[in-house]
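Here is how names work: the chains are called A, B, and so on, in the same order as the sequence lines, proteins then strands, and each is numbered from 1. Below, each value reflects all heavy atoms present in this structure, side chains not excepted, and no hydrogens, waters or symmetry copies.
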Amino acid sequence: MLPNASGKVVVTVGRRVKTRVEEEGKIEEINVELPHEDLPPWEEKNLVWVGKGIPRVDGFEKCTGKAKYTYDIHLPGMLYGKILRCPHPHARLIRLDTSKAQRLSGVKAILSQENAPPIPWYNDSFLFDRTLRCVGEEVAAVAAVDEYIARDALDMIEAEYESLPFVVDPEEALRPGAPPVRPGGNLLDGKPIIYSRGEIEQGFDEADLIIEENFSTQVQAHACMETHGSVVNWEGDHLTIWESTQGVSDVREGMAKALGIPISKVRVIKDFMGGGFGSKTREGKYTVIAALLAKMTGRPVKLMLDRKEEFYATGHRPSSLQYVKAGVKKDGSLTAIYLRSIGACGAYETPLFPSKFSMIDALARPYRELYHCPNVKTEVYPVYNNIPVHTAQRAPGHVEGTFALEQVMDQAAHQLGMDPIALRMKNYALKDQVEDFPYTRKALDQCYQKGAEKIQWEKRNKKPGEKKALICEGIGMAGQIWGGGGGPPAYAIIKINQDGTANLLTGTQDIGTGSKTVFVQIASEELGISPKDITITLGDTETTPYAPRSSGSRTVPSVGPAVRSAAADAKRQLLDLAGSILDSKAEDLAIREGQIYLKNNPTRKIPLKEITQKMGNNMIMGVGSRGPNPPQAAINVFGAQFAHVAVNTATGEVRVLKVVSIHDAGRVINSMTLNNQIEGGIVQGMGYGLMEEVIWDKGTGIMLTPNLHAYKLPTMLDIPEVVPGVAEGSDPANNIGAKGIGEPPKIPTAPAIANAIYNAIGVRLKELPITPDKVLRALKI
Amino acid sequence: MKGFTFHKPRSLKEALAMLKEADGKAKIMAGGTDLLGAMKDGIMQPERLINLQEIPDLANIRPDNDRLHLGALVSLHEITVHPSIQKRFGILAQAAQEVGSPQLRNMGTLGGNLCQRPRCWYYRGDFVCLKRGGDQCFAVTGQNKYHAVIEGGPCFIVHPSDTAPALLAMDASVRIAGPDGEKIAALEKFFMTPRDNVTRENILEPDQILTEIMVPLPREGSRGIYLKARERRCWDFALASVALLLNIDDGICQEIRLVLGGIAPIPFRASKAEEVLKGKPIEIELIDQACRMALSGARPLASNAYKLELTQALIKQALLTLSNK
Amino acid sequence: MTHQIELIINGEHYELMVKANKTLLELLREDLDLTGTKMGCGTGDCGACTVLLDNRPVNACLVLAVEARGKEIVTIEGLAQGETLHPLQQAFIDHGAVQCGFCTPGMILTAKALLDNNPNPTEPMIRRAIAGNICRCTGYTKIVKAIMAVASR
C-alpha cells in the first residue's frame, strides 16, 4: 500500500463483526472483517457501465469452439476412468473379482473397496461401500489408456450381489413395515421437521373459508448439457483438478479432507462449464476416484460421466407430496396456513449441508414467508428411499412449495370472488416473519403491478373455464420469494498495470450466468476505466482469492461488493499517486472513462495511463472483501410471473403462449445477463410444469428415464414469448445495490401456468408435470 | 459401442450375400440413427454392420404412372422437401416432418423409420423383457402410460413410426429382397403383432433387406392429413397419431383409410371407424360415431386409457379438417 | 477392424485410420483435438454434437467415422476466418445468445446450414430448423433473435 497524500501509511486493523448470511434457507452467523470504507451507493444518473447490457466478455471463446470445458482437457499420458455401478436398488456386494479386467491390455489400475481408503461419504457410508442403496452406486473403477478399453474392463469385472428389500415410492417408504433404506428407520431423524408460529387451530377457527388441497411434484433432473467430471493430475504431492464445478473452493477443501492432504497442495481450476443449476456444488465420488487412480498410475486421469450416469449418480430435485390447509377471512386476510409434506431424500441425506439442516424442509419456506399470516405450521417428513440422494436444484424447495401455495391462494381468491392480485396485496408481508426482521427492500407490489399491465391482466376470464371451446385460453399468475442477498466472505484483487489496464482476480465461478462480465462492469464503474481494459480471472484456487460457491443466487451480491471494494481500494491508491505527481490532493481528483480529472474543474484532465506509466514496477493492488450484511434485516428477492396459456380440451395439450416475469432483484448490473436468467429460468420452470419427470419402475427400482428422450427437456418449439422485467431501483443491502437473480425466475412458472390453466378450463391440475393425459383425466371429472 | 466390422457392399447382391454369410450376426445399416442408438443402449450387439449407403438406386425417388417408388434409403428430410411428394403424397410429407429432429431427419431413412425398434423404456432399458427373450412384460404392472391400448399382449409396445401410418393409409407396399429373390408385400402384411412374434415387429427375416416402398397415387381429389399428439414438439414419439386419407365427392365419403399410430404394436387400421363413414355423407353425428368405433375392443392398461379419448379427438379433428367443416 | 478414410474437415484434407466402431464425434474430439463439437448425450437427443456433413446438420454421435469417408465436414472451428468471426458467431455474442456456451457450437452450425440454404427465413422457419438443438440455459429467445438479426441483413 502506498502512502496517502499526507504521507501517512494507513494500516487497516480488521475490525470484526458478526453478520447473518443466508444460503438456500440455511442461515449462519459469520465473523467478518469490516472493509476499508463504506462505499456510498452509486447514483443512477452517473452510471457509465453498470446497468448496460454489454455482451459477455467470454463470448468469443464460446462461439469459436476455443473454450475448454473439462471434457475438452487433454493432458499428455492421460488415462480414462470409468466407474462400475451397482445395478440393484439395494444390495450387499458379496464378491468382487477384478482379476480378468486387470489382465486386459491397456488397463492401468483398478480401484475398489479392496484397495481404496475407506473415505467417509454421506451419513455413515464410504467411497466404496459394501452395502449399496440405489441403482448406480459406485462399486469399482478402472483407469485405462482409452475409454473403450475402460468400458470393456468394466464388463470383465465380476460382481456378485445379494439383493435386499428396497422401496422407491416415498409414501410406501413411510409405511410401517416398509423395507429399511437405512438403519434407524426411513424417516430422517425419526421425526418430522416442525415449524410453528401463533396458534394454528385458533387461526382456522377464525377463518370464514378453509381451502384444503393435495399436491404432488415430481423428481426433476438438472440435465446440464455438460455432464459431471474431472481431470486430475499429480505433480509429486501436489494435485491439480480441473472440474466442472460451481465451487472451486468447496472442491478443494473436500478433496484435501477426503485424501488427507494439506489444502495448500490442492489446486482446483474451473474455466468453462456447461451448466450446473445446483448439481455441481462439491467434489463427487468420481473426483476422488480419479485422484486415487491418478496416484496409483502416476498419470493424469480424466473421468467424465456419460448421460446415463449423469441421471443415476448426480442427484435431483426431490419429489414432494404436499397437503395444504389455509384459512382466510371474507376480506381475504389469511388467518392460518398449514402444510404437511413428504419429501423423498433418496438413499442418504444430502451431502451439501450439515445433517441438521434439511433441504427437504426448504419447500416450507414460502409458506412461512411469502404472505403475512400470524398462524403458520409446517410439518415436513423427509423420507429415505432407494433412489439417488437428492441435491440442490435451482431454488431448492421454493419451486416445489410455491407450486402448491400459489394454487391455494388462487383457489382462495376464486372462492372469495376476489382478484388474485388483490388477495396477495391484502396479505402483503412487510417483514420477514420467521426472524422478525424488516426487509432491506421489497418491491413485490411493483412486480405485481408491472406484470399485470404487461400481460393485460384484465383480459383473463372473469370466471374460470367460462368459455367453452376446443382451445380455451386463460391467464394466471404466481409470486415468489427467495433469498439471494449473499454475504461474506468473498474477496477480490485488482492489479493495475503500467498501461492503465487492470487484471481482476476473484475465486468465484461463472457457471454460465455471466458473472465474469458483471464483475468487469462493476470494476469498470468504480475504477473509471472501460471494460475492455479489464481482464478477469476466475475460478482457480491457487491464484484467485476465496469467493463462495455459486449457488443460492449469491454470486453477484457476495462477490460484486468485494469487487467494488477492491476497485475502490485501487482507485484510492491511483488517486494518491496521481495527487503526488500532479501536486494535488487525492480527494480533489476522480477517474472517469480512463481520464483523471479535477473534480471542480473537469476540463483539467490527464489520461490515466500517463500516471500509471510512472509506477514502474511498483504495484497498485486493490484488495477488496465483502463486508457484513445490514444487521437485523432480511435480504430477499421477490417477483411475480404471469402466464397466458391455451389448452386443447380435446387432446389435453397445453401451450404456453406468453410469460411476463418481473422481479425485485435490486440494481441491474447487466441487463442482458439478467434477462438471460429470467428467460432461461422460465423455460426450466415450464419444463418442470409441463413435461420433465424422472420416473422409476417401482417393481425393480430401476430408473426408466436415464436419457434425454424419455426425460423431456423443452425444445425451441415449446417456448412461450417471454417478457422479462424488473422493479426499478436498488437495494441498500450492499454497496452495489444488487441481489441475485439466478434462481428466482424458475420459482413461479409452474404455478402461474397451473393457475392459467385453471382460468382457461376451470379445472385445477395439482400433480406435476401437467401432461396431456392428466389434463384429459381432469377434464372428465 | 462394442467392436464390430463394417462393410459397404456396392450392390444389393453383395449385401444379401454378406447378410447370409453372417448367419444372423449382422445388421443392416441405413442412416444408422436407430441402429447405433440401440447398440449404445446395449439391446443389440451385431458383429457386423452392412451399410447400404453405397448401393445405387436404393435412394431413388421414382414416380411412374400410377405410383411412386421410394428407395428405402431416401432420407426423411428428402421426403419432406420433395415437391411431388408434398403435392401428391402430402400425408407422407407431413408424417416425415414429424419424425425426430432436423438432424435425425437428415440421416434417417424411410426404410429405417419403418423398421425401427420400439421405444418402450423397459425394452430399451436394463430389463430382460419378453421382447428381449425374457419371460415378462414389465409394462403390464409397471409404468405404462405410453403403451398399447389395442392389439397388445403379451407385449404392449406401440409401433413408433410416423411414416408407417401414413404409408398404410395410402395402401403402400414394400419390396423385400432376400437370398431367394424378391417379393412384394402389402404394407398391412408387413407388420407383426406380439401375438405373431414377440421378438420382432415386422416380417423381415435376418437375411432379407427392405429395398423399396411403393405408394399408389391417391385417387384424384383425395385429401390426406397426418396429426400427431405429443408432450413436446420435437423428438417425441406419438402419444397417439392419425393418418387419414379421404376422398369426398358431393359430400359423400367415397373412400376412407384411417390408420392410427402410437396406440398399438402395429400401425392400426381403424376399419370399424371407416365402415361407419364409407359411402355416407360426412355429418357430425357420423363423425362422432366413427370416433367411438375406431378403438372399440381396446383394452387399456392402468395408465393409458387417456389414449382412447386422445385418439378420438385427433380422428375428429382430422375428419373435420379434411371435410372442411 | 480399421479402415482408411479420406475426408475434408473445415476445408482441410485428412487421411486417417479409424476403427469401425469409432463415431465421427469421437474422431473429431479425440483424434483431431477439435473439441469445439461437444458430447451432450451420445444418443442424438440434444444436438450438442451437431456438425455439418455435406452441408446438412447431423448428430456426430450417431455417425460412424467410416461413414464420413469422402464427405465434407464443417465444425465450429471452421467458421471464423482467422480473427474475423462469422456473422452468426458475432450475432450470438452481441445478442446475448450464449450463456454456458455448451450448446453454442451446435446451434451456430445448424443456423449456418439454414441460412446457407435460405438466407431469409421467417421466425417460425428458424425455430423449426433449430428445434433439434437443446439449450438448458438461455430459454432460446435470444438465440432466435441472434439468428433473425443475421437473416434480415
Novice: Under 4.5 Å, counting heavy-atom pairs only, tell me which of M273(A), M716(A), H709(A), M686(A) racks up the most with chain C.
Specialist: M716(A)
Novice: Let me know if K68(A) has heavy atoms under 4.5 Å from chain C in its side chain, its backbone, both or neither.
Specialist: side chain
Novice: Keeping the roles fixed (side chain from R655(A), backbone from P720(A)), state whether a donor-acceptor pair exists under 3.5 Å.
Specialist: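 Checked: no pair found.
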Novice: Please classify the contact of Y71(A) with chain C as side chain, backbone, both or neither, using a heavy-atom distance under 4.5 Å.
Specialist: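 Looking at Y71(A), backbone and side chain both touch chain C.
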Novice: Kindly give the heavy-atom pair with the smallest separation between C61(C) and G42(C), and that separation in Å.
Specialist: SG-C, 3.5 Å
Novice: Tell me, side chain or backbone of Q90(C) under 4.5 Å from chain A's heavy atoms, or both, or neither?
Specialist: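 For Q90(C), there is no contact with chain A at all, as no heavy atom is under 4.5 Å.
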Novice: Side chain, backbone, both or neither: which part of N21(C) has a heavy atom under 4.5 Å from chain A?
Specialist: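 For N21(C), backbone and side chain are both near chain A.
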Novice: Under 4.5 Å heavy-atom distance to chain A, tell me which part of K38(C) shows up: side chain, backbone, both or neither.
Specialist: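 For K38(C), the side chain is the part near chain A, not the backbone.
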Novice: Taking side chain as everything from C-beta outward and backbone as N, CA, C, O, which of these in I134(C) sits under 4.5 Å from a heavy atom of chain A? Side chain, backbone, both or neither.
Specialist: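 Answer is both: backbone and side chain atoms of I134(C) are under 4.5 Å from chain A.
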Novice: Are K82(A) and D152(A) within salt-bridge range, i.e. N to O under 4.0 Å?
Specialist: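 No salt bridge links K82(A) with D152(A).
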Novice: With a 4.5 angstrom heavy-atom cut-off, could you sort out which part of R29(C) is near chain A: side chain, backbone, both or neither?
Specialist: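 Only the side chain of R29(C) comes within 4.5 Å of chain A.
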Novice: What residue in A67(A), A223(A), G687(A), G53(A) has the most heavy-atom pairs under 4.5 Å with chain C?
Specialist: A223(A)
Novice: State whether a side-chain donor-acceptor pair under 3.5 Å links S244(A) with E226(A).
Specialist: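 Yes, a side-chain donor-acceptor pair sits under 3.5 Å.
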Novice: So if I take each residue of residues 91-124 of chain C and look for any heavy atom under 4.5 Å from a heavy atom in chain A, which residues do I end up with?
Specialist: F92(C), I93(C), D94(C), H95(C), G96(C), V98(C), Q99(C), C100(C), G101(C), F102(C), T104(C), P105(C), I108(C)
Novice: Does this structure show an ion pair linking E692(A) with R136(C), if we count only N-O contacts that are shorter than 4.0 Å?
Specialist: yes
